[in-house]
Amino acid sequence: MQAAPVAVIGANIDLGAGRRGVDMGPSAIRYAELEARVRRLGREYVDHGNVEAGVPEAEPVGDPKLRYLRQILGTCERIADAVDGAVGQGCMPLVLGGDHSVAIGTLGGLARAHGAPGGVLWLDAHGDLNTAQTTPSGNVHGMALAAAAGFAGKAFESEHWTFPAVEPSRIALVGTRDLDEGEREVLRRSDITVFTMTDVDRLGLEYAVRQSLEKIAGPGFVHVSVDMDALDPDVAPGVGTPVRGGLSYREAHLAMELVAESGLVGSLEVVEVNPILDEHNTTAKLAVELIASALGARIL
Ligand SMILES: [Mn+2]
């Protein structure tokens, strides 16, 4: 069977983050020759451009515990529509962030397209499991997974999706190393699977990702959401919120190679590339390499 064409959806938004810059992520990833790399794998490439997004200087903040939520949900609705459309056309959606709040739209659109909630592998230094009640910052990118899992309440409802878009028992976090107290509480009382960096150190990345893929497999859809801050800042310096002690270059590639090998995954997302903090577009180039590995690029 011919592999599905890759449908690129740019989400140039940084309203969900605490500092500017990740809105330029989609440009940086395209500039790092995403299209050529995807085509070299024999995959068709369809670029849907960027969805419309507001600029923080021009928008009212709104509720300080849910900063810019109204504008973020507007952009996420456009992402959800684009993702739903791409799935309907038999394509593999590839969403380029933007801050991680874009996943609210991606997961919402996937659940709508498939008519059911799915599973997600969440590669991230953070849990993104805060709510308006637990957030220390009010930044919505730290609530994206909570929202999609239906933990964050009515504020995240929309006519464009039905939450939960993911089953909590089919969420797996890998690379986690910076959690807020409210997020620890959620992880303790839910059946979310989590492999912290300590687990990765002790058990190995291959075990963590294989177990995670087994957990998230099932009906509806299986999605992979890659926050580039899952990687160590030594190899991925240009990210929204760098945290030391992350995945190595090879561990990140191995994760993507295992994703490709599983054949389970129907959609992909790469977020939080911040060109302002990057060094000669290193992080965006690495994002393109990881996308290629997830699409089945092999060394031999
Ligand atoms: Mn994140």
Side-chain angles (χ1 to χ4, degrees), residues 100 103 118-130 134 136 141-142 144-146 148-149 151 166-218 222-265 268-272 282-283 286-287 289-294 297-299:
H100 219 157
V120 65
L121 172 60
W122 198 268
L123 289 171
D124 201 317
H126 308 94
D128 296 349
L129 285 165
N130 273 301
T134 65
H141 71 165
L145 188 52
F151 299 157
V166 281
E167 304 270 13
S169 62
R170 290 175 59 202
I171 295 171
L173 309 183
V174 174
T176 322
R177 57 194 183 277
D178 185 7
L179 293 169
D180 297 315
E181 197 42 50
E183 297 181 302
R184 289 198 186 93
E185 195 53 46
V186 171
L187 289 171
R188 278 194 289 260
R189 65 178 155 77
S190 70
D191 43 8
I192 292 175
T193 298
V194 54
F195 289 96
T196 66
M197 282 309 300
T198 305
D199 298 321
V200 171
D201 290 341
R202 286 168 174 246
L203 304 166
L205 191 277
E206 179 174 10
Y207 178 84
V209 172
R210 280 193 195 283
Q211 289 290 115
S212 295
L213 289 168
E214 212 168 283
K215 277 279 188 181
I216 68 174
V222 176
H223 176 65
V224 175
S225 191
V226 181
D227 189 320
M228 289 300 288
D229 73 23
L231 285 103
D232 195 273
D234 281 349
V235 289
V239 297
T241 318
V243 186
R244 291 182 68 178
L247 299 177
S248 71
Y249 176 87
R250 268 312 305 167
E251 283 171 331
H253 268 293
L254 177 56
M256 295 297 104
E257 288 160 3
L258 293 165
V259 161
E261 191 185 282
S262 76
L264 288 170
V265 175
L268 191 62
E269 174 172 67
V270 180
V271 304
E272 299 277 357
T282 304
T283 308
L286 177 50
E289 286 182 38
L290 294 176
I291 291 165
S293 282
R298 286 161 172 267
I299 292 172

Heavy-atom check, side chain of Glu269 versus side chain of His223, under 4.5 Å: yes

Donor-acceptor under 3.5 Å (Ser190 side chain, Val186 main chain): yes

Salt-bridge present (Glu214, Arg170; N to O < 4.0 Å): no

Heavy-atom closest contact (Ile171 atom, Ala149 atom, distance): CD1-CB, 3.9 Å

Note, Leu173 side chain near Thr193 side chain (heavy atom, < 4.5 Å): no

Identified side-chain contact (heavy atoms from CB on, under 4.5 Å) counterpart of Val222 within the set Leu121, Ile216, Val120: Ile216

Any donor-acceptor pair under 3.5 Å from Asp227 side chain to Asp124 backbone: no

Leu205 side chain reached by Leu247 side chain, heavy atoms, under 4.5 Å: yes

pair Phe195-Thr176: side-chain heavy atoms closer than 4.5 Å: no

Beyond-backbone contact of Val209 with Glu257, side-chain heavy atoms, under 4.5 angstrom: no

Residues Glu183 and His126: side-chain donor-acceptor under 3.5 angstrom: no

Non-hydrogen side-chain atoms of Met228 and Val270 separated by less than 4.5 Å: yes

Distance-minimising heavy-atom pair for Asp232 and Gly245: OD2-N, 2.9 Å

Pairing of Glu206 and Arg210 as salt bridge, 4.0 angstrom limit: yes

Nearest non-hydrogen partners of Ala255 and Leu123, listed with the distance: CB-CD1, 4.4 Å

Test applied, side-chain contact (heavy atoms from CB on, under 4.5 Å); reference residue, Leu231; option that passes from Asp229, Val235, Asp234: Val235

Under 3.5 Å: donor-acceptor pair, side chain of Arg177, backbone of Gly175: yes

Aromatic plane relationship, His100 with Trp122 - under 30° parallel, 30 to 60° tilted, over 60° perpendicular: parallel

Residues Thr198 and Asp201: side-chain donor-acceptor under 3.5 angstrom: no

